[in-house]
Peer 1: 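Following this message is one structure expressed as structure tokens.
Numbered from 1 within each chain, the chains take letters A, B, ... in sequence-line order. Hydrogens, waters and symmetry mates are skipped; everything else that's a heavy atom, side chains included, is used.
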6 protein chains.
Amino acid sequence: MKILIINPNTSESLTDLLAGTMRRYARPDVEITGMTAKIGVPYIATRAEAVVGANAVLQILAEHHMGYDGAVIAAFGDPGLGAAREMFDIPIVGMAEAGMLTACMLGQSFGIVTFATALGPWYKECVDWHKLGARLAGISMADEPFDEIENVRHEKESLIVKLANRAVDCHGADVVVLAGAPLTGLAEEISEQIPVPVIDCAAAAISQVDLLVRLQLRVPRKGTFRRPCAKQTIGLPEPLAARFEGRR
Amino acid sequence: MKILIINPNTSESLTDLLAGTMRRYARPDVEITGMTAKIGVPYIATRAEAVVGANAVLQILAEHHMGYDGAVIAAFGDPGLGAAREMFDIPIVGMAEAGMLTACMLGQSFGIVTFATALGPWYKECVDWHKLGARLAGISMADEPFDEIENVRHEKESLIVKLANRAVDCHGADVVVLAGAPLTGLAEEISEQIPVPVIDCAAAAISQVDLLVRLQLRVPRKGTFRRPCAKQTIGLPEPLAARFEGRR
Amino acid sequence: MKILIINPNTSESLTDLLAGTMRRYARPDVEITGMTAKIGVPYIATRAEAVVGANAVLQILAEHHMGYDGAVIAAFGDPGLGAAREMFDIPIVGMAEAGMLTACMLGQSFGIVTFATALGPWYKECVDWHKLGARLAGISMADEPFDEIENVRHEKESLIVKLANRAVDCHGADVVVLAGAPLTGLAEEISEQIPVPVIDCAAAAISQVDLLVRLQLRVPRKGTFRRPCAKQTIGLPEPLAARFEGRR
Amino acid sequence: MKILIINPNTSESLTDLLAGTMRRYARPDVEITGMTAKIGVPYIATRAEAVVGANAVLQILAEHHMGYDGAVIAAFGDPGLGAAREMFDIPIVGMAEAGMLTACMLGQSFGIVTFATALGPWYKECVDWHKLGARLAGISMADEPFDEIENVRHEKESLIVKLANRAVDCHGADVVVLAGAPLTGLAEEISEQIPVPVIDCAAAAISQVDLLVRLQLRVPRKGTFRRPCAKQTIGLPEPLAARFEGRR
Amino acid sequence: MKILIINPNTSESLTDLLAGTMRRYARPDVEITGMTAKIGVPYIATRAEAVVGANAVLQILAEHHMGYDGAVIAAFGDPGLGAAREMFDIPIVGMAEAGMLTACMLGQSFGIVTFATALGPWYKECVDWHKLGARLAGISMADEPFDEIENVRHEKESLIVKLANRAVDCHGADVVVLAGAPLTGLAEEISEQIPVPVIDCAAAAISQVDLLVRLQLRVPRKGTFRRPCAKQTIGLPEPLAARFEGRR
Amino acid sequence: MKILIINPNTSESLTDLLAGTMRRYARPDVEITGMTAKIGVPYIATRAEAVVGANAVLQILAEHHMGYDGAVIAAFGDPGLGAAREMFDIPIVGMAEAGMLTACMLGQSFGIVTFATALGPWYKECVDWHKLGARLAGISMADEPFDEIENVRHEKESLIVKLANRAVDCHGADVVVLAGAPLTGLAEEISEQIPVPVIDCAAAAISQVDLLVRLQLRVPRKGTFRRPCAKQTIGLPEPLAARFEGRR
């Protein structure tokens, strides 16, 4: 099984980090390829950056989807997830979605904990898009600047632990979802310090996409994610244009 | 990995049917053991029958949980799921839950299709308990009696296909969830006749519990599913009494 | 009018306490009989205990319902309420339900106040089952252990008063619902110390079931609480088996 | 116990009809006095008419509340209910509220059935005000003109029966609430023709207000229905002015 | 364009204050006439006062609506808004509604800030009536008495600023809506002290009603605000009676 | 006042059509400039096309926003609206948002009527994003192909009228919102054939943005639409890169 990991952020070290976590959790016969956005920002934190990231996701999928059995959109807010599902025939899973749905099997409510205030509004929209607000205990954000995105999980480790415990004690979170690609790997390291399950969204995502691929479900011909009719385009990169225009 | 399949119905042939589906979808190193309720009804269809079934689930888990890495409650309404999660330390997944959460990754809304009118109210409560009502397109029930529960999936096949198509066309279902243990195996057979993905809940459940076991998350010490304090009991079967009383 | 009070807890002194409150509030021609669960725990606090309690409720009703005009399930979370309504033809009221619906006529939102942290998650599920979450100001729980369940209402009296006032001042509760059978009788004693109406659920429940009996409504033949079709059973106590199998 | 029935409609024959039903359902020691609005319309059907009716309710209560233990606002949309609760210290129950809360103990969802299309929007606002929309199966309205409001329950009887059955079969109503003061008395007559319980709101209201009076709860000093501070007024009838100004 | 400003409060200086703000924000060709309630209280703060105010609104409109192109109900809780829309053919806008809908274009959630605790419950009902609760961050109320309603905006200025900042920082308000007619004019004065947009509801209301008038939409003949059928009345002031009775 | 109309579709004739409607409804001193997306599809109908369109919106705003007092995103699903609000300091209004909020002042619920089935899922997401689902009566879509997007409003006129009437009669719509830029101008033409107000979203949008500009509200420094911190980018067009990087 070949899985494409699409990092909509431009940081290649994040791609490596994410692919690393996923390889640790994937079954041996799952082959993981990470790709990094060529346009955009080092890490997506806002709606505007997510628009740019969603575009990158579609471009990467348009160019590469045919060689893969499934794909993961490897940023917590799931930029472009609905759009990608419309356009491509392989199972595609978002990291936020995978983390949250997995958490649903472990508690009545999950708390989202992340490393920067800027992420709050976009993450809230993501929860609402998935209509999982009734399962959300709250979103907790570290509110101080950090030095390096690649290292933020170590730099903020003790603060994240504190926020996670507060999510449990004050917001009533039954599960903690660590949100934000740069935090991958941290869940394992801090799980002993938090009295409830802590989800690593990269681990959840690779597992959920594997699950979907193995269920071998049909591609929808009706419903919200049926493939749209072909339409002429202008100004788009060729692979994406070809896909929109029904030439691929 | 050893997974316990708990059939809260008293029909052993259903247990075999469910275990069969699960073995087809499980990875090779997953060892599946099916157990059948010793008390109750051949198939659970109502709240009252679910009370009896939930009790059977707790008794089976109390007696056997220690030998397993995870468990599936193999009836669509997930009888006793919350209770079981409180009491036992292994991941436990409900068949309805697994089917619905899996469907969430394939469409905005899922339609539940089942084989008997009696099941509607209980299934609706199950959806509400999981707080997934915002993702539900509707519940469709075959409204004619059937001959044999073990064979209902073949007897009602064409009606189920019709209901599934109506769920797509009239209720706007993006995914169909075939509900009710006796329908397991049918999804594969009819998927060509339905224009959206069709979920077999047994397949989804074995995959989701495998996923949870592999994530190796900690047992909660706080939150809604923390283990309750020990308490004296009277009149319960010994293994369950021992678990309630903190002797195991 | 003969009303059956079903205590799903195994503590007989609780049954007496509940029946005592109810007799004080009942009209003179209401004859009240209390019955205590023969299996289970002294007081139900969790989902797992509620499964066992629900079973006890069904067994008591199966054996005795024919001699009564109505019944009360005398534990706050209303264990087995939906199941009981399906199976038996007399009006049946839950203590939580009666307390909450009565509170709805006295304020826009009610606060639930109870004596132990363990009760929170189960009570929340109960509120949600009744779809009264939009009227709930919050659930407040005393978080320290207590000595004796029969005496907890006196032992924790001042703490309950404090929590009730906090529910009013901080959560915006317009009414306080004292939750948990062991608290019956306390509302009268502390009402002067709390600036809003305080509901005793036992008083509310006996009054509501009396009301339903006097309305002389028909037994449903359709809808969610119509009696399920007869079905074979194994392993159940004879009266319950007879009811499931349509022999009574 | 003395109960004041406030008919916010100007039709005295409706007052008599309502009081008649209530006397049939009330306990012997309940003394019922009906009063009819002196300003307004024969029967309230719209928001604008409800504004006028709410005013009449406040005026009647201001003049007479001191002689009564409780009151019923005897029109389905509960005009002025919240306002009346703020201003007066006796329990006050709305006919819609009483019918709906009583229905909640008999089914998961109730269907409201009434005799004129015009009533729909106002009734929907009433359900929403009580935050009972999650329990509402639907509102069904006879859509043809009628001759005489005092006789509409007989004139439209067969249509009401048809609508009630449709509410059960098509909307999934578990209980039918007959809405509109002019329908009182009809529930008893048609209950055999409808397969679920049918609520007469006048019967429910007199029973619920009796229940509240007997619970002897305290008047709120905090919360949403605490009495507002005294305030100067101009142009109001003396009893109401006196109440607003804190002189009574 | 002629716009009628209906102050349902009896304070004429409030009418002048409101008309003053509106004239500052209105386009030059908008002619604004303020009218003050002849019955009621100096400023409406509760449901009971709103019933009286709603009545005043209907009376003023019945007498004067024909000379105007549109109207504003100039009190935050929008007393009588639905009733007025039913009865009259010109666009009518509520001050709360205008403030909240305008805020919706400036943030995901708005915080309502007002000058007296008494206003909270009524304002909450107003938000719910408009079904805008999902956009509400919270309602913040100054909780100390004030001297003079005409001057409360200056007397409480620093407290309002504090509450507004707390709404932003603690409740997550993206916009602040200053609620209560007596606060009009304050938004401009304090906007520099609050880090998000601050809405003056009078400014929003005159602008929204202007917008509606200019769209020249048709009067509804169906739907929730279609004009009710003519009906006999008793005891109403002539212009309102004439309107109810279809004579005008 | 200078308003920028951003057409995220690539069809210039649509831009002219939209600008035409807007000029008819705008006040004389409003100067309207239309700009057309240089990349994308002739008309946006799906999530994937909306991603591309949102990108175009950001690019146009980045290049031109400084010369304008306000902007309209002139496509019904409001592509990029949240992102644009984060990034730019002028008021920006979406056409769907303007149409729906305006409709809220004219009825309790609005029906969305559009010209192609493909638009349904994306429009539903748009309604949910604005959290206006409780005001939505339904979305009705013409389900047959059309010849020319520029002319679809005439080609489908009679079908649109039929759908609008059905929305009123069957879904209970109090107002009809004609959705989709290509329908602009149609509302005026068909309003006599529909018994409720019909909203032209272009007319509503130019009016609402004018209103916002005239309120002269401050740019948020906190809350969901505060401008994000500067961040390095790669691969973006210079004006957008400059804006993200804080260089403009």
Side-chain angles (χ1 to χ4, degrees), chain A residues 25-27 29 81-82 85 91-94 97-98 100-102 104-109 111 129-135 137 165 168-169 172-175 187-188 191-192 194-200 203-204 207-212 214-226, chain B residues 25-27 29 81-82 85 91-94 97-98 100-102 104-109 111 129-135 137 165 168-169 172-175 187-188 191-192 194-200 203-204 207-212 214-226:
Chain A
Y25 282 93
R27 293 180 301 112
D29 66 337
L81 179 58
R85 282 194 179 137
I92 302 170
V93 168
E97 171 185 63
M100 294 190 292
L101 295 177
T102 301
C104 285
M105 294 181 285
L106 298 159
Q108 288 293 5
S109 72
W129 189 80
H130 288 289
K131 298 197 189 303
L132 292 172
R135 303 293 291 264
N165 275 284
V168 173
D169 292 331
D174 303 320
V175 189
E188 299 163 67
S191 80
E192 284 311 301
I194 298 166
V196 301
V198 181
I199 305 279
D200 186 311
S207 303
Q208 291 288 5
V209 77
D210 172 9
L211 178 156
L212 289 184
R214 291 163 57 85
L215 287 179
Q216 293 186 279
L217 299 165
R218 61 163 301 163
V219 173
R221 290 287 168 249
K222 291 195 176 173
T224 201
F225 292 135
R226 69 186 177 280
Chain B
Y25 282 92
R27 294 181 299 112
D29 67 338
L81 180 58
R85 281 193 180 137
I92 302 170
V93 168
E97 171 186 61
M100 294 190 292
L101 295 178
T102 301
C104 285
M105 294 181 285
L106 298 159
Q108 288 292 5
S109 71
W129 188 80
H130 288 289
K131 298 197 189 303
L132 292 172
R135 303 292 290 263
N165 275 285
V168 173
D169 291 331
D174 303 319
V175 190
E188 298 163 67
S191 80
E192 284 312 300
I194 299 166
V196 301
V198 181
I199 304 279
D200 186 311
S207 303
Q208 290 289 3
V209 76
D210 172 9
L211 179 156
L212 290 183
R214 291 163 57 85
L215 287 180
Q216 293 187 279
L217 299 164
R218 61 163 302 163
V219 174
R221 291 287 167 249
K222 291 195 176 174
T224 200
F225 291 135
R226 70 187 177 279

Peer 1: Which pair of heavy atoms, one from B:Arg218 and one from A:Glu192, lies closest together, and at what distance?
Peer 2: NH1-O, 3.9 Å

Peer 1: How long is the span from the CD1 atom in B:Ile199 to the CG atom in A:Leu217, to the nearest 0.5 Å?
Peer 2: 5.0 Å

Peer 1: Please look at B:Glu97 and chain A and tell me whether the side chain, the backbone, both or neither of the residue comes under 4.5 angstrom of a heavy atom of that chain.
Peer 2: side chain

Peer 1: So which of B:Leu212, B:Thr102, B:Val168 has the biggest tally of heavy-atom pairs under 4.5 Å with chain A?
Peer 2: B:Leu212

Peer 1: Among A:Ser109, A:Pro195, A:Gly223, which residue forms the greatest number of heavy-atom pairs with chain B at distances under 4.5 Å?
Peer 2: A:Pro195

Peer 1: Shorter than 4.5 Å, heavy atoms on both sides: which option in B:Arg85, B:Gln108, B:Met105, B:Arg27 has the most such pairs with chain A?
Peer 2: B:Met105

Peer 1: At a heavy-atom separation under 4.5 Å, does B:Val219 approach chain A through its side chain, its backbone, both, or neither?
Peer 2: backbone

Peer 1: Which atoms of B:Arg226 are under 4.5 Å from chain A, going by heavy atoms: the side chain, the backbone, both sets, or neither?
Peer 2: neither

Peer 1: Please classify the contact between A:Val198 and chain B as side chain, backbone, both or neither, with a heavy-atom cut-off of under 4.5 Å.
Peer 2: backbone

Peer 1: Side chain, backbone, both or neither: which part of B:Gln216 has a heavy atom under 4.5 Å from chain A?
Peer 2: neither

Peer 1: What distance separates B:Arg214 CZ from A:Ser207 OG, expressed to the nearest 0.5 Å?
Peer 2: 6.5 Å

Peer 1: Name the region of B:Leu132, side chain, backbone, both or neither, that has any atom closer than 4.5 Å to a heavy atom of chain A.
Peer 2: side chain

Peer 1: Who among B:Arg135, B:Glu188, B:Arg221, B:Lys222 has the most heavy-atom pairs with chain A under 4.5 Å?
Peer 2: B:Lys222

Peer 1: Any heavy-atom pair between the side chains of A:Leu215 and B:Tyr25 that's under 4.5 Å?
Peer 2: yes

Peer 1: Shorter than 4.5 Å, heavy atoms on both sides: which option in B:Val175, B:Thr224, B:Ile194 has the most such pairs with chain A?
Peer 2: B:Thr224

Peer 1: Do the side chains of A:Pro197 and B:Pro220 get nearer than 4.5 Å, heavy atoms only?
Peer 2: yes

Peer 1: So which heavy atom on B:Leu101 is nearest to which on A:Cys104, and how close?
Peer 2: CD1-CB, 4.0 Å

Peer 1: At a 4.5 Å cut-off on heavy atoms, which part of B:Asp169 comes close to chain A: side chain, backbone, both, or neither?
Peer 2: side chain

